[in-house]
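In what follows, a single structure is set out as structure tokens and then discussed.
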Amino acid sequence: MENIAGKKPALVWVVHVSVGLLVLLWIIPTLGLLVSSFRSGDQIVSSGWWKALFTQEQQLSPIRLAGQEAERDGMFVVEGQLFTTASTVSAWGTSSRDPAVNEPGQTVGLADGQTLAVNADGTFILTSPVTTEGTRLPRVFTTASTPPEFTLNNYRTVLFSPLAGQSIFQAFMNTATVAIPATIIPILIAAFAAYALAWMDFKGRALLIAAIVGLLVVPLQLALIPLLQLHNGVASTLNGWFGLEGTNALQGKGYLGIWLAHTGFGLPLAIYLLRNYMVGLPRDIIENAKVDGATDFQIFTKIILPLSFPALASFAIFQFLWTWNDLLVALVFLGTSNDQQVLTGNIVNLMGSRGGDWEILSASAFVSIAVPLAVFFSMQRFLVRGLLSGSVK
Amino acid sequence: MTQALLAFLTIVVGVAGCLGYFWASNLLLDKVLFPARGPNAGQNINRANLLRPWLFLFPAVVALGLYLAYPVFATLWLSLNRNQSGELVFVGLDNYRTMFGEAKFRESLRNNMVWLIVVPAASTAFGLLAAQLTDRIRWGNLAKSMIFMPMAISFVGASVIWKLIYDTREAGQPQIGLLNALWMQADGGFFSILILKVLPVVLLVGIAAGILWFLWAQIRDFADGGIWGKVLRGLGVLVGAWLVFVALSWAWGAATAMLPYGKPQFWLQIPFWNNFFLMAVLIWLQTGFAMVILSAALRGVPEETVEAAILDGANPFQIFFKIKVPQIMGTIVVVWTTITITVLKVFDIVRAMTGGQQETQVLANYMYEKLFVAVDWGVGSASAMIILLLVSPILVWNVYSARKEMR
């Protein structure tokens with residue numbers, strides 16, 4: 001095909017370059033956050049993340065000298081190291097007006113007869129005619145090149161020692177608690193319904209399918225208040241039955257509520273996807289089984305379910321991604337207090353309260369993105385298949 | 001720990017309950033209610049088979065009815081009532097009147113319209129471009145995977161990612177937001193004029209030309225089709241003409257604007273244009289979806305049609321726009337409508353990035369604020385009904401085409 005089109009090589013290069021640009025444009029945003037999450041807060045604000053990948057030369061913030069003092073030949077000498085990480089000094093100075101006036105290795109006289117030398121590797125020697133104990137040592141301005149340096153501290157902080165009420169680990173557990181049952185439960189319900197809609201003949205089938213296609217696009221925003229009312233009503237009625245009036249033994253908001261809500265919201269897509277798939281299964285297998293005396297229940301569990309595995313998997317991925325990433329349903333049905341918060345809600349709060357703390361925000365965001373990304377890359381095949389069977393026919 | 005146990009228990013109970021329900025109800029039907037033996041065996045089997053589909057459907061129908069169908073009517077009812085200290089008082093269309101009187105609502109309606117035009121169009125266009133280009137190269141699958149990846153990222157996660165790009169530091173400090181870092185490179189020289197003036201003008205004029213071409217096709221074929229076709233075409237022409245006007249006036253604006261070179265910009269605080277910075281996030285998220293589906297559709301285009309076009313001397317652009325695109329028009333419409341629905345429900349991005357401030361309000365966030373911040377159920381439900389109203393043409397169209405397909 002390409003050959004008979006007689007394509008010019010130039011055009012092929014254009015294609016390669018444009019795809020390259022497009023891919024770059026699409027991964028750079030994520031890459032930026034990923035790189036930032038491995039940098040310390042100081043590093044993040046002192047240079048753009050794109051510079052973090054290379055050795056960079058820049059003027060560092062002033063460092064106050066500190067070190068052990070020793071007496072040598074009647075002079076008091078302080079020796080030490082400026083940096084905690086390996087950096088190379090290219091220029092230094094002791095005043096903010098002239099921060100790069102001296103070369104590394106040069107010895108410079110300061111006020112009060114002190115002298116200071118800073119070497120390229122960051123070691124310094126300060127000599128003073130009187131003891132420096134109890135006085136503040138001078139500050140040093142340096143221009144230094146620092147090799148790329150990354151840290152896992154941000155992740156350690158957000159996962160294991162968060163500020164009160166911002167525990168990402170707790171939120172992670174909450175999210176998993178919401179997402180996993182909310183993925184598994186609708187599948188079974190939908191599979192039975194899809195089988196009936198695909199392989200059983202009854203009055204009103206076409207109408208039911210049309211209704212499901214319609215419900216597919218009904219915005220779940222409509223359901224929030226009525227369902228919250230319903231949940232609260234059911235909870236207080238049950239409290240009444242068990243003689244728990246006035247207490248909050250059973251609440252309208254909680255995991256049970258959000259599982260049911262996600263199940264309800266996920267069903268139309270589940271039924272639609274599974275029915276489309278099951279209709280395509282070979283008729284012979286099912287009819288043979290019927291002739292052999294299998295009941296519908298047996299046909300369903302022994303033949304249809306195993307054969308529909310790809311469709312089940314693709315819906316499971318959709319539903320998992322959707323429930324894991326959801327914000328609105330969790331805010332409404334689970335509540336906003338700290339021990340109930342899911343990852344997305346937690347991050348929105350962080351953006352509000354600590355919007356400038358990129359080291360916290362980026363690590364938290366990546367904790368929340370990691371699981372869906374892992375699912376995405378390991379099961380991409382099923383995801384694509386599901387998308388195609390849902391939209392293209 | 002208790003909640004993990006609870007979750008595990010729920011899975012077990014849910015799955016076992018489901019299977020148990022289906023197994024027991026089938027057993028009940030076959031052995032107790034209509035046993036397939038005795039004098040009425042034949043009749044009983046028929047009756048059982050008449051009932052069985054409903055056994056299979058029962059849990060799904062109940063869940064759908066309770067969680068999706070009933071709320072539509074309940075919300076409609078709530079939108080016609082006012083909540084006065086716990087009592088619902090019927091007020092007719094009062095809530096809608098109040099809502100349309102609010103500047104914030106009109107703002108979110110306007111913003112939603114812009115979202116509805118820009119996001120589906122841009123995502124579909126980028127998706128089509130990516131699909132067409134990646135199909136021709138060896139590392140196309142890898143490229144597709146990378147462009148598709150944002151699909152797995154939550155809207156909130158994407159908001160964090162893009163907020164870093166839009167970050168602003170004062171002039172003189174190092175910019176850590178990519179966009180400002182690039183912006184500070186612009187100095188009014190040759191390249192900044194090329195990228196910030198010439199390129200937008202060319203793009204906007206190109207879009208205007210594309211729409212004009214579409215308009216011309218509509219006007220040319222105006223005589224064809226029934227009365228509804230004419231109405232639709234007329235509407236399309238009006239909207240298109242307006243879009244051409246907007247695109248050209250923007251092009252004029254881009255050409256004449258005095259850009260504040262050298263000053264770091266607060267991208268999310270520039271009125272009106274900040275909406276576009278929010279839309280970029282959704283476009284970034286949705287392009288992969290469009291690309292995957294359109295790429296499958298492009299592969300389904302029969303080879304013969306392309307070969308015939310090549311033999312007739314068509315160039316690659318003609319092959320793409322005149323042979324391939326018309327053949328996948330149905331899929332493009334599906335992609336477009338699916339993204340349109342996503343756009344109508346967009347909530348997380350606005351909530352996380354601007355909270356609807358600085359003229360970026362959209363309907364879904366307006367509704368959330370009315371329902372849960374202002375606790376005004378009447379107006380909140382009314383705005384939810386507006387969202388449903390905007391979705392309903394797509395709903396009707398989907399049902400219509402699904403029914404047509406099943407015949």
Side-chain angles (χ1 to χ4, degrees), chain A residues 5 15-16 18-19 22-23 26-27 29-30 32-33 46-48 177 180-181 184-185 188-190 192-193 195-196 200 202 206 210 213-215 217-219 221-223 225-227 263-264 267 271 296-297 321 325 327-328 344 347-348 351 361 365 368-369 372-373 376 384 387-388 391-392, chain B residues 3 7 10-11 14-15 18 22 26 52-53 56-57 59-60 63-64 67-68 71-72 74-75 130 133-134 136-137 143 146-147 152-154 156-157 160-162 164-165 174 176 181 292-293 296-297 310 331 334 341 345 347-348 352 364 367 371 377 384 387-388 391 394-395 398-399 402-403:
Chain A
V15 170
H16 276 282
S18 357
V19 174
L22 211 56
V23 169
W26 250 257
I27 58 173
T30 321
L33 199 72
S46 67
S47 63
T177 311
I180 295 170
I184 294 175
I185 294 172
L188 261 184
I189 299 179
F192 276 100
Y195 173 68
M200 290 171 145
F202 59 94
V213 172
L215 289 178
V217 297
V218 167
Q221 268 91 352
L222 264 81
I225 286 292
L227 288 183
T263 302
L267 270 181
I271 298 176
D296 275 311
F297 185 71
L321 290 181
N325 289 338
L327 172 67
L328 183 58
T344 46
I347 290 170
V348 170
M351 284 175 92
L361 207 49
S368 87
I369 294 173
L373 274 189
F376 172 82
V384 171
L387 271 184
L388 295 181
S391 319
V392 194
Chain B
Q3 82 190 42
T10 310
I11 295 174
V15 171
C18 253
F22 287 113
N26 273 286
R52 198 182 323 275
F56 275 68
L57 284 166
L64 286 176
Y67 277 85
L68 283 169
V72 172
T75 303
L133 292 180
T134 50
R136 299 167 156 233
I137 52 178
M146 290 294 121
I147 296 175
I153 295 175
S154 61
V156 173
V160 178
I161 288 174
W162 282 82
L164 180 60
I165 290 188
I176 66 168
V292 165
I293 291 176
I310 291 170
T331 313
V334 169
I341 293 165
K345 298 188 210 168
F347 158 79
D348 319 30
M367 185 213 71
L371 287 182
W377 288 5
I387 299 180
L388 181 66
V391 174
I394 299 173
L395 191 151
N398 275 4
V399 172
R403 300 214 56 160

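Chain letters run A, B, ... following the sequence lines, proteins first and then strands; every chain starts at 1.
When the candidates Ile387(B), Thr134(B), Leu388(B) are compared by the number of heavy-atom contacts under 4.5 Å with chain A, Leu388(B) comes out ahead. In terms of non-hydrogen atom pairs under 4.5 Å with chain A, the most contact-rich of Ile161(B), Asp348(B), Val72(B), Val15(B) is Ile161(B). The candidate from Pro219(A), Gly264(A), Ala206(A) with the greatest count of non-hydrogen atom pairs under 4.5 Å with chain B is Pro219(A). Ranked by heavy-atom pairs shorter than 4.5 Å toward chain A, the options Gly157(B), Ala60(B), Ala74(B), Ala63(B) are led by Ala60(B). Note: Leu164(B) leads Ile341(B), Leu164(B), Thr75(B) in heavy-atom pairs under 4.5 Å with chain A. Of all the listed residues (Gly48(A), Pro29(A), Ala223(A)), the one sharing the greatest number of non-hydrogen pairs under 4.5 Å with chain B is Pro29(A). Contact count versus chain B (heavy atoms, under 4.5 Å) is highest, among Ile180(A), Val218(A), Thr263(A), Leu267(A), for Leu267(A). Chain B forms the most heavy-atom pairs under 4.5 Å with one residue out of Leu328(A), Leu33(A), Ile225(A), Thr30(A), and that residue is Ile225(A). Highest contact tally toward chain B, considering only Leu321(A), Val348(A), Leu188(A), Ile347(A), is held by Leu188(A) [criterion: heavy-atom pairs under 4.5 Å]. Comparing Ile184(A), Val384(A), Ile271(A), Thr177(A) by heavy-atom pairs within less than 4.5 Å of chain B, the highest count is held by Thr177(A).
Taking SG of Cys18(B) as the reference point, atom CD1 of Ile185(A) lies at 7.5 Å (rounded to 0.5 Å). Atoms CZ and CZ, from Arg52(B) and Phe202(A) in turn, are 13.0 Å apart once rounded to the nearest 0.5 Å.
Side-chain contact check for Ile293(B) versus Leu388(A): some heavy-atom pair is nearer than 4.5 Å. Side-chain contact check for Val217(A) versus Asn398(B): some heavy-atom pair is nearer than 4.5 Å. Inter-residue side-chain proximity for Asn325(A) and Val156(B) is flagged as unmet; no heavy-atom pair is nearer than 4.5 Å.
Of all non-hydrogen atoms in Ala152(B) and Pro372(A), the two that sit nearest each other are O-CB, 3.2 Å. Shortest non-hydrogen contact noted between Ala384(B) and Leu222(A) is O-CD1, 3.3 Å. Heavy-atom minimum distance, Ala196(A) versus Leu57(B): CB-CG, 3.9 Å. Closest non-hydrogen pair, Pro53(B) versus Met200(A), comes out as CA-SD, 3.7 Å. Between Ala210(A) and Val399(B), the shortest heavy-atom distance links the atoms O-CG2, 3.6 Å. Taking every heavy atom of both residues into account, Met146(B) and Ile27(A) meet most closely at SD-CG2, 3.7 Å.
Taking the six-membered ring for Trp and thresholds of 30 and 60 degrees, Phe56(B) and Tyr195(A) have ring planes inclined between 30 and 60 degrees apart.
Residue contact with chain A, scored on non-hydrogen atoms closer than 4.5 Å, involves the backbone and the side chain of Ile147(B) alike. The parts of Leu327(A) that come within reach of chain B are both its backbone and its side chain, each placing non-hydrogen atoms under 4.5 angstrom from that chain. Proximity to chain A (any heavy atom under 4.5 Å) is shown, for Phe22(B), by both the backbone and the side chain. For Met367(B), the part lying under 4.5 angstrom from a heavy atom of chain A is the side chain only.
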